[in-house]
Amino acid sequence: MEVEVKVNPRSFFYPPGGILLWIIIYLELLTYAMAFAALAYYGSQERADFHRDSLLLNKGIATMNTILLVTSGYLVARGVKDFKAGNNQRTARFFGWAILAGIGFLGLKSFEYYTKIEAGLGMDHSSFFTFYWLLTGFHWVHVLVGVVILFVMRIIILKKKDEAKLEDVEAGAAFWHMCDIIWLLLFPILYLLF
């Protein structure tokens, strides 16, 4: 039996997940925007080197990681929708699949990092790889934090049903979608444009 969760109308000062979370998300996006601006500047100064180094990236792994994150974003959105409809079991199931997709992303990215280290393509290899390691490493940490958040939310939804709040579920989902958005910018910029 599904029980409809009453959703309060939102205003600018009370977005899904709360205003503090959105301030954090905007600061994260601003940080990435500044890094992308620096990447564009140095990339224009060292165009041939950046192009050469970008060819050393694994586009197949990056494409698979994109599919994993976009799919996980969809699964989280479905989970939030089901939570609003009062279906905690389906929410937990969708969050579980999203967690697996996030772990898949982390594993594939870690494998890609391993191959780069084995090939001697560390941060000090070139300007391009300095940006590559900083941007993707920072994102990897965000995905790890997002997986932990979804895992904790899933436990609360399954075991402590009365403690599960829509605001918390939306906050976890918003953080996860931020990870998606950042990757959807990183993927074409690092893997396709140079």
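Side chains included, hydrogens not; waters and symmetry mates left out as well; all remaining heavy atoms used. Along the sequence shown, residues are numbered consecutively beginning with 1.
Here the OG1-CG distance, from Thr63 to Leu192, works out to 7.0 Å after rounding to the nearest 0.5 Å. Atoms CG and CZ, from Leu190 and Phe50 in turn, are 9.5 Å apart once rounded to the nearest 0.5 Å. Rounded to the nearest 0.5 angstrom, Lys84 NZ and Glu170 CD are separated by 5.0 Å. Note that OG1 of Thr91 is 11.5 Å distant from NZ of Lys81, once rounded to the nearest 0.5 Å. Separation of atoms CG (Asp168) and CZ (Phe83) is listed at 8.5 Å; rounding is to 0.5 Å. The CZ atom of Phe105 sits 9.0 Å away from the OG atom of Ser110 when rounded to the nearest 0.5 Å.
In terms of modelled atom types and a separation under 3.5 Å, the side chain of Lys116 and the main chain of Met123 share no donor-acceptor contact. Checked by atom type and distance alone, the side chain of Ser54 pairs as donor or acceptor with a backbone atom of His51 at under 3.5 Å. In terms of modelled atom types and a separation under 3.5 Å, the side chain of Tyr32 and the main chain of Leu135 share a donor-acceptor contact.
Evaluation of the side chain to side chain contact (heavy atoms under 4.5 Å, CB included) rule for Ile149 yields Val145, Met153, Phe175 as partners, not counting sequence neighbours.
Note on Val141: it clusters hydrophobically with Leu106, by side-chain heavy-atom contacts below 4.5 Å among ILVMFWY residues. Under a hydrophobic clustering in which Ile, Leu, Val, Met, Phe, Trp and Tyr are joined whenever their side-chain heavy atoms come within less than 4.5 Å, directly or via other members, Leu39 and Tyr42 fall into the same cluster. With hydrophobic clusters built from ILVMFWY side chains whose heavy atoms lie under 4.5 angstrom apart, Leu68 does not share a cluster with Ile103. Clustering ILVMFWY residues whenever any of their side-chain heavy atoms sit less than 4.5 angstrom apart, transitively, puts Leu186 in the very cluster that holds Leu144. Cluster annotation: Ile155 is connected to Leu166 through the hydrophobic network of ILVMFWY side chains, with a link wherever side-chain heavy atoms come within less than 4.5 Å.
Nearest heavy-atom pair across Ala173 and Val80 is CB-CG2, 3.5 Å.
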Is there a side-chain contact (heavy atoms from CB on, under 4.5 Å) between Phe95 and Leu75? Walk through the geometry before answering. CA-CA 7 Å; Phe95 276 26; Leu75 294 166; over 6 Å; no
I'd like to know whether Trp133 forms a side-chain contact (heavy atoms from CB on, under 4.5 Å) with Ile117, so could you lay out the CA-CA distance, the side-chain angles of the two residues, the decisive distance to 0.1 Å, and finally the verdict. CA-CA 11 Å; Trp133 282 99; Ile117 291 169; 3.8 Å; yes
Test side-chain contact (heavy atoms from CB on, under 4.5 Å) on Asn87 and Phe94 and set out the steps. CA-CA 11 Å; Asn87 192 334; Phe94 281 123; over 6 Å; no
Between Val143 and Lys109, does a side-chain contact (heavy atoms from CB on, under 4.5 Å) hold up when you go through it step by step? CA-CA 11 Å; Val143 173; Lys109 196 73 194 146; over 6 Å; no
Before you tell me yes or no, could you show the steps for Phe128 and Phe131 under ring-ring contact (aromatic ring centres under 6.0 Å, His included), namely the whole-Å CA-CA distance, both residues' side-chain angles and the distance that decides it to 0.1 Å? CA-CA 5 Å; Phe128 177 83; Phe131 280 107; 8.4 Å; no
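Checking Thr136 against Tyr113 by side-chain atom types alone, a donor-acceptor pair falls below 3.5 Å.
Annotation: side chain of Asn65 is not in contact with side chain of Leu69 (no heavy-atom distance under 4.5 Å). Residues Thr115 and Asn58 fail the side-chain proximity criterion, which asks for heavy atoms closer than 4.5 Å. Side-chain contact between His125 and Asp53 is present, with at least one heavy-atom pair separated by less than 4.5 Å. Taking the side chain as every heavy atom from C-beta outward, Leu56 and Phe129 approach each other to under 4.5 Å. For the pair Val70 and Leu184, the minimum side-chain heavy-atom distance is below 4.5 Å. Using a 4.5 Å heavy-atom threshold, the side chains of Trp176 and Val147 count as touching.
Between Tyr191 and Phe187, the angle of the ring planes lies from 30° to 60°, which puts this pair in the tilted group. Below 30°, between 30° and 60°, or above 60°: for His142 and Phe138 the angle between ring planes is above 60°, a perpendicular geometry.
Other residues, nucleotides and ligands contribute at most 12 non-hydrogen atoms within 6.0 Å of the CZ atom of Arg47. More than 12 heavy atoms of other residues, nucleotides or ligands sit less than 6.0 Å from atom CZ of Phe36.
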